[in-house]
Amino acid sequence: MQDLLRFIKTDRARVDRATRILVDLITDIANAAALSGESQYLLIKRLNGILLSSRGESRSVKDAFLILANLYNSGLLSQLALEHPSLNHNELVLCSMLTVGLEPVCISKILGYDHEHTFYNKRAEVRKKLGVAHDIPLERYLFERVEHLRQAHDTFLRELMARY
């Protein structure tokens, strides 16, 4: 059992690094595309090509990105969905994009908002549904939740290792 736990801990570290690299890569591509200055029509077409292509799979790159972001963020999106059933899919998508550092203009384009100020309105709706105080930035709240989940996972793993 001790060997298995050591393997899980080592494997988790590798998965965390690999996931962060993939999240950073997708984030950089999406931000660069959104900030390229191209016409909105061409930009949306390019972002859709990046994020919605399925390459013959049943899942889009956008869906894979959300799964990856959830994994990297220690299950934050799953936790938010359980704790706050009033959050819809696009609001969870917005949370995931905030936690990986996508720019507001990029998030707006990906989610199909006509204007960037729609992003801020949607962000305010999420803040209200989560019950986040107005003096706390939503991003900070989400990052703190991620850190809390990571610490809980680490504590659980340490307790298992100590027990076995």
Side-chain angles (χ1 to χ4, degrees), residues 15-154:
V15 168
D16 281 351
R17 279 193 304 276
T19 304
R20 182 70 245 173
I21 290 167
L22 288 172
V23 167
D24 286 345
L25 178 63
I26 292 172
T27 300
D28 288 347
I29 290 168
N31 280 334
L35 299 172
S36 69
E38 291 183 357
S39 74
Q40 187 165 348
Y41 173 77
L42 290 175
L43 177 58
I44 290 171
K45 191 172 179 177
R46 179 175 290 170
L47 284 173
N48 283 338
I50 293 169
L51 298 169
L52 301 178
S53 67
S54 64
R55 302 198 190 275
E57 299 168 11
S58 61
R59 233 187 327 247
S60 70
V61 174
K62 183 178 178 182
D63 291 338
F65 175 78
L66 294 177
I67 292 166
L68 199 58
N70 191 42
L71 174 66
Y72 181 74
N73 290 317
S74 297
L76 175 67
L77 302 179
S78 301
Q79 192 74 25
L80 290 177
L82 285 172
E83 292 175 2
H84 304 279
S86 63
L87 288 173
N88 64 40
H89 179 72
N90 277 343
E91 290 167 336
L92 289 170
V93 171
L94 176 65
C95 289
S96 73
M97 292 181 176
L98 288 172
T99 62
V100 297
L102 286 175
E103 298 290 331
V105 66
C106 181
I107 295 171
S108 297
K109 302 296 185 200
I110 293 169
L111 295 179
Y113 302 153
D114 291 331
H115 304 284
E116 193 176 329
H117 69 269
T118 304
F119 161 81
Y120 294 102
N121 292 338
K122 297 293 184 182
R123 193 171 161 269
E125 290 174 22
V126 168
R127 170 191 293 284
K128 184 177 179 181
K129 287 182 179 183
L130 293 175
V132 178
H134 289 287
D135 60 334
I136 299 172
L138 180 58
E139 293 82 355
R140 188 172 97 202
Y141 170 81
L142 293 171
F143 289 130
E144 287 173 358
R145 291 292 308 267
V146 168
E147 190 55 36
H148 176 74
L149 287 168
R150 284 187 180 149
Q151 288 174 1
H153 292 161
D154 289 345

> Within the side chain of Lys129, is there an N or O that forms a donor-acceptor pair under 3.5 Å with the backbone of Ser86?
Replying inline: yes
> If you round to the nearest 0.5 Å, how far is CZ of Phe119 from CG of Asp114?
Replying inline: 15.5 Å
>> For Asn88 versus Asn90, what's the shortest heavy-atom pair and its separation?
In response: OD1-N, 3.1 Å
> Is any side-chain heavy atom of Leu80 closer than 4.5 Å to a side-chain heavy atom of Arg145?
Replying inline: yes
>> Quick one: does any side-chain atom of Gln151 pair with a main-chain N or O of His148 as donor and acceptor, under 3.5 Å?
In response: no
> Would a 4.5 Å heavy-atom cut-off, applied to side chains only, mark Thr99 and Leu77 as touching?
Replying inline: no
>> Within the structure provided, determine whether Leu87 and Leu130 are in side-chain contact (heavy-atom separation under 4.5 Å).
In response: yes
> Do Glu144 and Arg140 meet the salt-bridge criterion of a basic N to acidic O distance under 4.0 Å?
Replying inline: yes
> Would you say Arg123's side chain and Leu94's backbone share a donor-acceptor pair under 3.5 angstrom?
Replying inline: no
> Heavy-atom distance under 4.5 Å between the side chains of Leu98 and Tyr141, does that happen here?
Replying inline: no
> Hey, what do you get for CG (Leu142) to CZ (Arg127), rounding to the nearest 0.5 Å?
Replying inline: 9.5 Å
> Which value, rounded to the nearest 0.5 Å, describes the distance between Glu139 atom CD and Met97 atom CE?
Replying inline: 14.0 Å
